[in-house]
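Data block below; observations after.
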Protein chains: 2
Amino acid sequence: MIDQRNTITRWVSLLYRYGQMYIGERLKAHGIGKGQHIFLNALYKEDGLSQEELSSYLKIDKGTTAKALKKLEAQGYVLRQVREEDKRSYRVFLTEKAWRIKDEVRGVLTDWRHILSDGLTEEEQRLALELLEKMGGNAARFIGENDRTPKA
Amino acid sequence: MIDQRNTITRWVSLLYRYGQMYIGERLKAHGIGKGQHIFLNALYKEDGLSQEELSSYLKIDKGTTAKALKKLEAQGYVLRQVREEDKRSYRVFLTEKAWRIKDEVRGVLTDWRHILSDGLTEEEQRLALELLEKMGGNAARFIGENDRTPKA
DNA sequence: TGTAATTAGTGGCATATGCAACTATTTTGA
DNA sequence: TCAAAATAGTTGCATATGCCACTAATTACA
């Protein structure tokens, strides 16, 4: 049929969608959807961030962030505490329930990375990360610049 | 805040989401959404494919494919013709209206690739494609194998 | 100091996407 | 040959995601 030689964009799309499927499947048992794990993982790295900080670090729309955290809160994985020094914002904290599944949640991403890296040398893996980082930086810079709310 | 050194998976997610934003923005004027361009581009390569062929080539769920094509048909970009030799399936053809915007639609993806490749040498671009291809192959193989409907 | 601009978060809307159940047609094999 | 299995496509449902308009709180500045 069509030649299977694809573009960077096509592979990115496939990798993203397949990754979402894998994550969704693995976390289903905990009721955690593919849209939520990214926030849990960010909070495992640094607990107590605000929604704004999460959005800007993860480059995810603040509406999307609000909805994902609302769901995580309803499920008892996080709790939100109004900041005394700025009552507009929250500090988002992981609950005991979330800490208990830390290794499992983090494991999903590391397992997926291992699946992707199968057959790649250490050097190739390093290179892949470096090149993706460059392209990601280009993308973020471009989208950021052409935004109505330019980032610093 | 958090260190900005991300994983392959995180960069893929960012690249995908930013790419979707870019494509959506550029094609908005034609009423073509970010979920449709991929089908137009596949048909520009080979017109007259069936939905099943499009789904399997693009690795996109057949339900998603059906909805995207339905919308493209409603907008007059494609028409579907029942196959005489197998009345379950269609052949999907681009209309004159779709052929007229071919360069523009294809240009969106090439422009995005150029944005991503900014500052990368030819060799780096080749490597990026090669590594993404390997990882994409790993992902497809893994998801395919663990599917309820294993592909050949 | 008081008003205008900015910022954090929410909620509604539109779209994209996968999954599962369904229909209609075609293929397989006892 | 004909019943069962497989295949192409559709539809409803759930979730994810971005955008926009909105509120409440905070900051800037005239």
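Computed from a predicted model, the values in this text were never measured in an experiment. Throughout, a chain's letter reflects where its sequence line sits, starting with A, and its residues are numbered from 1. All heavy atoms count here, side chains included; hydrogens, waters and symmetry mates do not.
Residue B:E85 contributes atom CD, which lies 17 Å from atom P of D:dT7 at whole-angstrom precision. The nearest whole Å value for the distance from the CG atom in A:D61 to the C1' atom in C:dT10 is 12 Å. A:L69 has its CG atom 8 Å from the P atom of C:dT10, to the nearest Å. When the P atom of C:dT25 is taken as reference, atom CD of B:E52 falls 18 Å away, rounded to whole Å. Note: CZ (B:R91) to P (D:dG9) measures 12 Å, nearest angstrom. Spacing between atom CD1 of A:I143 and atom P of D:dG18 amounts to 11 Å, rounded to whole angstrom units. In this structure, the CG atom of A:L58 is 11 Å from the P atom of D:dG18, given to the nearest Å. We find that NZ of A:K87 is positioned 11 Å from P of D:dT27, with the value rounded to whole Å.
If you check every strand for non-hydrogen atoms under 4.0 Å, B:R80 touches sugar and phosphate atoms only. Using a 4.0 Å heavy-atom distance criterion, B:D86 is classed as a sugar-phosphate-only contact. Nucleic acid contact class of A:T65 (heavy atoms, under 4.0 Å, all strands): none. Nucleic acid contact for A:S55: none, since no nucleic acid atom lies under 4.0 Å from a heavy atom of the residue.
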All N/O pairs under 3.5 Å across the protein-nucleotides 12-15 of chain C interface:
{"from": "C:dG12", "atom 1": "O6", "to": "A:K67", "atom 2": "NZ", "distance (Å)": "2.6"}

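Across D:dG9, C:dG18, C:dT10, the shortest atom-to-atom separation from the side chain of B:I60 is found for C:dG18. For A:K70, the side-chain atoms get nearest to C:dG11 when compared with the rest of C:dT7, C:dG11, C:dG9. Closest to the A:S89 side chain, of the nucleotides C:dT26, D:dG9, C:dA8, is C:dA8.
The 12-atom threshold is exceeded at NZ of A:K97, counting heavy atoms of other residues, nucleotides or ligands nearer than 6.0 Å.
Checking A:Q125 against A:R113 by side-chain atom types alone, no donor-acceptor pair falls below 3.5 Å.
Shown for residues 12-29 of chain A: residues whose heavy atoms fall under 4.0 angstrom of DNA chain D, namely A:Y16, A:Q20.
Scored by the side-chain hydrogen bond (donor to acceptor under 3.5 Å, both in side chains) test, B:K87 finds no partners at all (sequence neighbours excluded).
Residue A:T64 has a polar side-chain atom (N or O) positioned under 4.0 Å from OP1 or OP2 of D:dG18. Between C:dT7 and A:Q51, no contact under 4.0 Å exists linking OP1 or OP2 to a side-chain N or O. For the pair A:K62 and D:dC20, the criterion of a side-chain N or O lying under 4.0 Å from OP1 or OP2 is not met.
Put simply, the side chain of A:R88 and the base of D:dT26 share no donor and acceptor less than 3.5 Å apart.
The aromatic rings of A:F142 and B:Y22 sit perpendicular, their planes meeting at an angle over 60°, well past the 30° parallel limit. Aromatic ring pairs are classed by plane angle as parallel below 30°, tilted from 30° to 60° and perpendicular above 60°; the pair A:Y16 and B:Y16 is parallel.
Contact check on A:R100 versus A:E96 returns a salt bridge, with a Lys/Arg side-chain nitrogen under 4.0 Å from an Asp/Glu carboxylate oxygen. Taking 4.0 Å as the cut-off between side-chain N and carboxylate O, A:R83 and A:E52 do not count as a salt-bridged pair. Between A:R26 and A:D111 a salt bridge is recorded (basic side-chain N to carboxylate O distance below 4.0 Å). Taking a cutoff of 4.0 Å between a charged side-chain nitrogen and a carboxylate oxygen, B:E73 and B:K70 do not qualify as a salt bridge.
Where A:E84 and A:F39 each meet DNA chain D at their nearest nucleotide, the meeting point lying more 5' is that of A:F39.
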- Begin with the C-alpha distance, continue with both residues' side-chain angles, and end with the deciding distance and a verdict on side chain to side chain donor-acceptor pair (under 3.5 Å) for B:T65 and B:S55. CA-CA 6 Å; B:T65 300; B:S55 285; 2.7 Å; yes

